[in-house]
Number of protein chains: 2
Amino acid sequence: MTDIKSGPNPLFLRTDEIMQAIELLFFAYRDFTGEPDELLAQYGFGRAHHRVIHFVGRHPGMTVSELLSILQITKQSLSRVLSQLVAEGFIKQTPGEIDRRQRLLELTEKGLELDEKLFNVQRQRIVKAYKESGAEAVAGFRSVLINMMEESDRPRFAKKTHPPSPRR
Amino acid sequence: MTDIKSGPNPLFLRTDEIMQAIELLFFAYRDFTGEPDELLAQYGFGRAHHRVIHFVGRHPGMTVSELLSILQITKQSLSRVLSQLVAEGFIKQTPGEIDRRQRLLELTEKGLELDEKLFNVQRQRIVKAYKESGAEAVAGFRSVLINMMEESDRPRFAKKTHPPSPRR
DNA sequence: GATTTTATGTCAGTCATGTTGACTTATCTA
DNA sequence: TAGATAAGTCAACATGACTGACATAAAATC
């Protein structure tokens with residue numbers, strides 16, 4: 001039968017522990033994204049815009065391709081939100097100097113402002129959770145999440161080594 | 001100005017630590033939901049169906065109202081996925097004995113099977129992440145996520161008090 | 001120099017999942 | 001009996017994904 005082993009699990013691999021992890025992620029993520037969503041709605045934006053603003057803010061000068069590979073969506077999906085953000089003056093595109101096919105992305109002043117507003121909303125929730133849990137717990141939180149994601153994205157979170165490489 | 005304080009933060013509240021938390025959640029959640037999504041697609045279902053199956057599986061006999069308040073979506077949104085799951089024989093509805101207006105929800109055999117398949121997919125990822133991180137890290141992970149969600153949902157994760165009711 | 005590949009963008013159509021608003025039916029409660 | 005509640009339905013709409021086909025400019029290669 002397709003039974004769930006709940007037998008010889010030394011410590012923390014019981015069925016209900018796993019179940020709890022699933023719900024933990026569901027509720028925490030739901031609430032974590034809830035506040036920014038409200039703020040974004042005031043601009044007529046959604047979560048997709050947030051992700052674009054976030055990653056462009058973090059990696060100014062990144063190309064459209066790089067953004068696509070981080071977000072793992074199609075260029076048609078990205079196009080809608082990105083062109084909206086460009087049209088409304090939150091993101092600026094400049095042709096690459098070396099490769100003039102590329103459009104290097106960066107936030108405008110207006111984009112930086114929204115980025116910061118969004119950041120501050122999320123910052124409060126994280127600071128609260130971190131403070132209430134303590135430094136040791138935070139290390140555990142980081143470790144579990146890093147081990148939960150695909151390996152290809154883990155280098156981004158290396159302790160000393162900064163994220164992959166600025167631009168290209 | 002709307003500057004982000006990065007001044008007197010004793011331990012772990014630096015801007016880039018917060019930023020890392022944001023990305024950690026994004027990447028881990030994206031990959032955590034990716035595998036179940038693929039499995040669900042084989043049934044013509046989506047993530048919304050998964051959530052319904054999960055919570056009905058965890059709380060057999062729950063009412064539609066209870067499900068709505070957990071999922072925090074409108075009944076019209078729920079209706080679409082729920083009636084699909086009922087029509088295709090994954091969920092069974094029986095009128096409440098005390099209050100005959102209620103439709104008590106539970107998984108059918110077919111529903112239980114899918115529930116288990118979905119669980120097993122997620123279980124593997126979680127077990128791997130937990131094992132690679134260790135018991136202490138897991139405690140930290142739980143603590144941070146609990147403190148990140150709204151207080152109203154925290155009782156669900158109380159230490160000793162089992163979640164509402166196990167059974168099944 | 002001509003050809004192919006790459007980076008980006010666009011048009012068109014579809015799907016999944018959320019929303020609001022209005023309304024119905026059955027049943028419980030005051 | 002009147003009103004509130006649990007559940008469901010119809011309709012219209014928004015967002016953010018998807019596929020497929022095609023266009024343009026620039027770089028890379030033959």
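Here is how names work: the chains are called A, B, and so on, in the same order as the sequence lines, proteins then strands, and each is numbered from 1.
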Asker: Ion pair present between A:Arg58 and A:Asp115, side-chain N to carboxylate O less than 4.0 angstrom?
Answerer: yes
Asker: Answer yes or no: is there an ion pair linking A:Glu17 with A:Arg14, defined by an N-O contact shorter than 4.0 Å?
Answerer: yes
Asker: Below 4.0 angstrom, N of the basic side chain to O of the carboxylate: do B:Glu116 and B:Arg123 qualify?
Answerer: no
Asker: Parallel, tilted or perpendicular: which describes the rings of A:Phe141 and B:Phe141, with under 30° parallel and over 60° perpendicular?
Answerer: parallel
Asker: Of all of residues 23-39 of chain B, which get a heavy atom below 4.0 angstrom from DNA chain D, listed by number?
Answerer: none
Asker: Can B:Glu23 and A:Arg51 be counted as an ion pair, charged N to O under 4.0 angstrom?
Answerer: no
Asker: What closest approach, in Å, do B:Arg154 and B:Met149 show between heavy atoms, and which atom pair accounts for it?
Answerer: NH2-O, 2.9 Å
Asker: Can you check the B:Tyr43 OH to C:dC15 C1' distance for me, whole Å?
Answerer: 21 Å
Asker: Distance check needed: D:dA27 P versus A:Arg100 CZ, whole Å only.
Answerer: 5 Å
Asker: Touch check for B:Leu105, heavy atoms < 4.0 angstrom, all strands: base, sugar-phosphate only, or nothing?
Answerer: nothing
Asker: So B:Phe55 and B:His59, would you call those rings parallel, tilted or perpendicular, with 30° and 60° as cut-offs?
Answerer: parallel
Asker: Tell me, please, which residues at least two apart from B:Thr63 pass side-chain contact (heavy atoms from CB on, under 4.5 Å).
Answerer: B:Ser65, B:Glu66, B:Gln102, B:Leu104
Asker: Summarise how protein sits on nucleotides 5-18 of chain D as a single string, 5' to 3': B when a protein heavy atom is under 4.0 Å from the base, S for sugar-phosphate-only contact, - for no contact.
Answerer: BSBBBB-----BBB
